[in-house]
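Throughout, protein chains are lettered first and strands after them, A, B, ... in sequence-line order, and every chain is numbered starting at 1.
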Protein chains: 2
Amino acid sequence: MPTPHPGTPVRGSTTGRPIMAAMDLFGRRWALRVLWELRAGPLGARALLARCEGMSSSVLYQRLRELMASGIIAPSADGYELTPLGAALSPALRSFHEWANTWAQAQEADALKEPLTQSGGG
Amino acid sequence: MPTPHPGTPVRGSTTGRPIMAAMDLFGRRWALRVLWELRAGPLGARALLARCEGMSSSVLYQRLRELMASGIIAPSADGYELTPLGAALSPALRSFHEWANTWAQAQEADALKEPLTQSGGG
DNA sequence: GAGATTGTTTCGAAATTCGAAACACACCCG
DNA sequence: CGGGTGTGTTTCGAATTTCGAAACAATCTC
């Protein structure tokens with residue numbers, strides 16, 4: 001399970017197109033979440049574990065290694081922090097966040113339209 | 001492994017914050033990739049399998065079920081297609097794509113700075 | 001130097017994904 | 001109608017990934 005790099009074949013694509021390498025990297029459990037938690041500033045390993053309920057430390061360190069190898073995060077005095085490259089992901093994460101809110105609204109709308117789980121919807 | 005929904009506890013968060021549900025959903029292998037492949041228009045299951053080298057059909061159908069349950073994709077006459085909600089992910093995917101290109105450039109720059117794997121860099 | 005806090009690794013168990021094969025259904029050709 | 005071909009989908013054992021809990025190391029406090 002090598003860390004994907006742009007320009008190198010990855011799982012899902014032999015071409016090494018950067019977007020494919022990125023999707024291999026971020027399609028791993030907790031990878032996006034770790035970046036999300038680091039967006040506001042550095043955090044230590046145990047702080048990250050505390051914020052990501054259910055993440056096991058073995059996976060955290062696996063992800064940290066991968067993200068460091070990718071140049072997205074780096075160790076700092078206060079734990080781990082986004083590098084400039086990692087910070088460049090912020091627009092994408094923000095866009096993601098906005099979409100998630102749209103999603104939530106759509107689900108609420110659906111719930112109103114389909115009160116089928118209750119007998120006497122009103 | 002229930003399909004995550006905004007407003008409902010998911011792996012990694014009991015709060016059900018939409019962004020957490022989204023990260024649970026998209027942090028599964030091939031999920032982002034399937035959306036990426038569908039961004040330009042509908043594709044059938046076998047076409048998706050062909051585009052995603054190495055994806056097994058069992059996982060494809062698992063992801064398709066989850067994405068349908070989430071209202072992100074829907075069956076169409078030509079296979080599967082993004083719903084309006086799914087299409088709303090395009091800005092995020094595009095932003096992601098741009099970042100991946102930045103990443104690739106950063107890696108090229110690094111390669112020039114550290115010709116340590118060759119004895120007589122030049 | 002004992003206790004508390006954080007960083008990190010280890011390892012068996014559980015969950016996920018792979019990989020290949022099979023079944024079902026429609027379509028086309030003769 | 002009978003046989004190929006192409007697509008959609010499910011199944012199941014093997015391989016990989018993640019979980020979960022524990023342990024060890026290093027730092028800081030008192």
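- In the set C:dC18, D:dT18, C:dT16, the nucleotide with an atom closest to the side chain of B:Arg11 is C:dT16.
- Less than 6.0 angstrom separates the ring centroid of A:Phe96 from the ring centroid of B:Phe26.
- Here A:Tyr61 does not reach the OP1 or OP2 of C:dT9: none of its side-chain N or O atoms lies under 4.0 Å away.
- The shortest distance between the side-chain N/O atoms of A:Arg65 and the OP1/OP2 oxygens of C:dT9 is below 4.0 Å.
- Put simply, CG on A:Asp24 is 10 Å from P on D:dT17, counting in whole angstrom units.
- Residue B:Arg46 places its side chain closer to D:dG8 than to any other of C:dT16, D:dG8, D:dG20.
- We find that CZ of B:Phe26 is positioned 18 Å from P of C:dT16, with the value rounded to whole Å.
- Taking the side chain as every heavy atom from C-beta outward, B:Leu35 and B:Ile73 approach each other to under 4.5 Å.
- The CD1-C1' distance, from A:Ile73 to C:dG7, rounds to 14 Å in whole Å.
- What separates CG of B:Leu60 from P of D:dT9 is a distance of 9 Å, to the nearest Å.
- When the nucleotides D:dT11, D:dT9, C:dT9 are ranked by their closest atom to the side chain of B:Ser58, D:dT11 comes out on top.
- Side-chain contact between A:Arg11 and A:Met20 is absent, with no heavy atoms from C-beta onward closer than 4.5 Å.
- Of the candidates D:dG20, D:dT18, D:dG8, the closest approach to any side-chain atom of A:Arg63 belongs to D:dT18.
- If you find the closest nucleotide of DNA chain D to A:Ser57 and to B:Leu64, the one lying nearer the 5' end belongs to B:Leu64.
- The phosphate of C:dA15 has neither OP1 nor OP2 within less than 4.0 Å of any side-chain N or O from B:Arg29.
- Between A:Trp103 and B:Leu25 there is a side-chain heavy-atom pair separated by less than 4.5 Å.
- Side-chain N/O atoms of B:Tyr80 include none lying less than 4.0 angstrom from OP1 or OP2 on D:dT7.
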